[in-house]
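The next block holds one structure in the form of structure tokens; read it before the comments.
The structure displayed is predicted, hence computed values, not measured ones. Just so we're on the same page: letters track the sequence lines, and every chain starts at 1. All values below come from the heavy atoms of this structure, side chains included, with hydrogens, waters and symmetry mates left out.
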Number of protein chains: 2
Amino acid sequence: MGDEIPVGLARLWRLPAESRLGRPAALDVDQVVQAAVALADRDGLAGVTLGKIAKELGVTSMSLYRYVGSKEELLVLMGDAATGPAPELPAGPGGWRAALHAWAYALRAVHARHAWLPHLPISGPPSGPNAISWMDACLTALRDTALDWGAKVGILTLLSGYVRSSSQLRVDMAEGRRESGLDQPQVEQEYGRALAGLVDAERFPEVAALFTSGLFEQPPADDPDQADFDVGLDLILDGVAAAISAAARA
Amino acid sequence: MGDEIPVGLARLWRLPAESRLGRPAALDVDQVVQAAVALADRDGLAGVTLGKIAKELGVTSMSLYRYVGSKEELLVLMGDAATGPAPELPAGPGGWRAALHAWAYALRAVHARHAWLPHLPISGPPSGPNAISWMDACLTALRDTALDWGAKVGILTLLSGYVRSSSQLRVDMAEGRRESGLDQPQVEQEYGRALAGLVDAERFPEVAALFTSGLFEQPPADDPDQADFDVGLDLILDGVAAAISAAARA
DNA sequence: CGACTTTGTTTACGCCATATAGTTTAGGGC
DNA sequence: GCCCTAAACTATATGGCGTAAACAAAGTCG
């Protein structure tokens, strides 16, 4: 029969092994993944090495291959583990808009907790249990609308992609500030000033105008990325609103 | 004076070197970057190696460090080179919506031509001349609106992030199909079926319903990703429309 | 108790980016 | 026309990486 479950999926879903023969395992997939996640939280994605994970767990690197098929698969496991289950969303009064808003904020918070997460290479559609739970939460927020499945999936993709890429940007810019040693706004201004000098007002009139607008000079608010994030999110939700009322009319 | 231009920026903008002393260079930055781009187009990002680039150009790998500061910097240069200059956008009748639509399509086409491009690690805000030209094109499309700079930048970020992440997804899924050897829809269905078996209808009612909806079973259209892309894009543009009319009212 | 099965280790390989030190090559000043 | 010197380029080496293959160890089952 075709009930073959790919071994990668089996590990993602923590399907228990059946055989009880042979030497018992000293670890399990979760311990390996947790160690890898801890390492990524501390040293970033580039700091995650089979050797370091193994050392952390007191085994040799090769023994890790008893638990994960490859480093690439380990990254997938790390992604699902670090994402964690979706939160409970406000069901009642606010309707879909409040729920999607909360969903996006929660995902963004997860990315803040694991800065490497938005940088993980995507390998296909969501397939881990935690990713599925986020998917379910988003679809639940849209349940009482007239949207068809295609539209719902499109919104899900758009929203998660937006949160992901905006988190990516935030992390990258923070890292750019840090690694240059200087304090935060100094580098930004110096870099911006150098760049502004390169931008020719005839070739790039709008960008030149943007640079002279002072938008990048003003002392940033508590969390400038936060404000940018809200702008884009509200814009998306406005688009969703339009799609919903269009679907209701049809 | 503070007219120091970071050396990385100088290379991005192809600022000519001043000194004419010493042994003349056999290559230039462009040749290195073009070779790297060609390699990435052929073998993917992971196939880009200093050694291979050097062999392609008939030099040793170490000599490449005369042209780029590091591999990371080379990736940035590759990104700007492969992106190329922004296209001319329809200026007249359609207004901002047609222009943004064309902009997004053009960027998506670039990603199709260089599948590795959306996977490049982002390192900060756009700073290469080509990236700036795309930025300028997008801002030009929004010039005759009442939006303030913050909103325009937000829209730019959202739109480019959307195109990027949807291209990422498209490439990853295509690669997932290819590397498993089987033909395209077969793997998709098998994987989907296995996944559907793991999704418990009580734990994930919406996702389970989605799986039984047949959305993933139907023979895909000419380009299914295309349709998904349009859904998200129209949604964003609806959101932009809302923002524009709100700004006009204020 | 011995066969078998599974886990973990040892060892080794090829590849990578890059530091360091030395060598080649041409133009500039005389 | 010839050396000096600065720049381009090469040779060599290092430490790290993921992982293939063969082997040793540690349990269960008959």
Side-chain angles (χ1 to χ4, degrees), chain A residues 7-8 10-11 15-33 35-36 39-40 42-78 116 119-121 123 179, chain B residues 7-8 10-11 15-33 35-36 39-40 42-78 116 119-121 123 179:
Chain A
V7 56
R11 276 191 279 253
L15 298 188
E18 57 268 32
S19 129
R20 204 146 290 122
L21 260 59
R23 180 175 174 177
L27 310 165
D28 57 25
V29 182
D30 251 330
Q31 286 179 271
V32 175
V33 173
L39 219 47
R42 187 151 53 77
D43 303 339
L45 252 196
V48 175
T49 292
L50 293 186
K52 284 201 233 167
I53 300 169
K55 181 172 292 181
E56 207 83 12
L57 295 169
V59 295
T60 64
S61 37
M62 284 311 295
S63 75
L64 298 181
Y65 284 96
R66 297 281 155 194
Y67 302 100
V68 299
S70 66
K71 174 150 188 194
E72 192 184 328
E73 192 193 303
L74 173 63
L75 291 177
V76 173
L77 292 167
M78 288 170 65
W116 47 274
H119 290 279
L120 267 191
S123 23
E179 77 184 13
Chain B
V7 56
R11 276 190 280 253
L15 298 189
E18 58 268 32
S19 135
R20 204 146 291 125
L21 261 59
R23 180 176 175 177
L27 309 166
D28 57 24
V29 182
D30 250 329
Q31 285 179 271
V32 175
V33 172
L39 219 48
R42 186 150 54 76
D43 304 338
L45 252 195
V48 175
T49 291
L50 294 186
K52 284 201 234 165
I53 300 169
K55 181 172 293 180
E56 208 82 12
L57 295 170
V59 294
T60 63
S61 37
M62 284 313 294
S63 75
L64 299 182
Y65 284 97
R66 291 284 137 188
Y67 302 98
V68 300
S70 66
K71 174 150 189 194
E72 191 184 329
E73 192 192 305
L74 174 62
L75 291 177
V76 173
L77 291 168
M78 289 171 63
W116 47 273
H119 290 278
L120 269 190
S123 24
E179 77 184 10

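Regarding contacts with the backbone of D:dC17, every side-chain N or O of A:Ser61 stays at 4.0 angstrom or more from both OP1 and OP2. Taking 4.0 angstrom as the limit, B:Thr60 places none of its side-chain polar atoms (N or O) nearer than this to OP1 or OP2 of D:dC9.
C:dT6 atom P lies 18 Å from atom CG of A:Leu27, rounded to whole Å. Between the C1' atom of C:dG8 and the CG atom of A:Leu57 lies a distance of 13 Å, rounded to the nearest Å. The interatomic distance linking B:Tyr67 (OH) with D:dA8 (C1') rounds to 7 Å, in whole Å. For the pair B:Met62 CE and C:dT23 P, the interatomic distance rounds to 17 Å; values are reported in whole Å. At whole-Å resolution of the value, CD1 in B:Ile53 and P in C:dT18 are 11 Å apart. Here C:dC16 presents its C1' atom at 16 Å from CD of B:Glu72, a figure rounded to the nearest Å. The nearest whole Å value for the distance from the CG atom in B:Leu50 to the P atom in D:dC9 is 15 Å. Rounding to whole angstrom units, CZ of residue B:Arg66 and P of D:dA8 are separated by 6 Å.
Taking every side-chain heavy atom of B:Lys52 into account, C:dC16 is the closest of D:dC17, C:dT9, C:dC16. Distances from the side chain of B:Thr49 to the nucleotides C:dT7, D:dT19, C:dC16 place C:dC16 closest. Nearest nucleotide to the side chain of B:Tyr65, out of C:dT18, D:dC17, C:dT10: C:dT18.
Both B:Gly51 and A:Ala26 lie near DNA chain C, and the one whose nearest nucleotide falls closer to the 5' end is A:Ala26. The residue among B:Gly69 and A:Gly58 whose nearest nucleotide of DNA chain C lies closer to the 5′ end is A:Gly58.
Taking all atoms of both residues into account, the shortest heavy-atom contact from B:Arg11 to B:Gly69 is NH2-N, 3.5 Å. Nearest heavy-atom pair, A:Ala25 versus A:Tyr67, reported as atom, atom and distance to 0.1 Å: CB-OH, 3.6 Å.
A distance of 6.0 Å separates CG in B:Leu75 from CE in B:Met78, rounded to the nearest 0.5 Å.
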Show me the donor-acceptor pairs, under 3.5 Å and distance only, between side chains in residues 47-66 of chain B and residues at least two apart or in other chains.
unit_1: B:Lys52; atom_1: NZ; unit_2: B:Gly47; atom_2: O; d: 2.9
unit_1: B:Ser63; atom_1: OG; unit_2: B:Thr60; atom_2: O; d: 2.8

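Using a 4.0 Å heavy-atom distance criterion, B:Ser63 is classed as a base contact.
The bend of the helix from C:dG8-D:dC23 to C:dC30-D:dG1, defined by the angle between the axes of its first five and last five pairs, stands at 20° to the nearest 10°.
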Show each protein N/O and nucleotides 25-28 of chain D N/O combination with a separation under 3.5 Å, one pair to a line.
unit_1: D:dA25; atom_1: N3; unit_2: A:Arg23; atom_2: NH1; d: 3.4

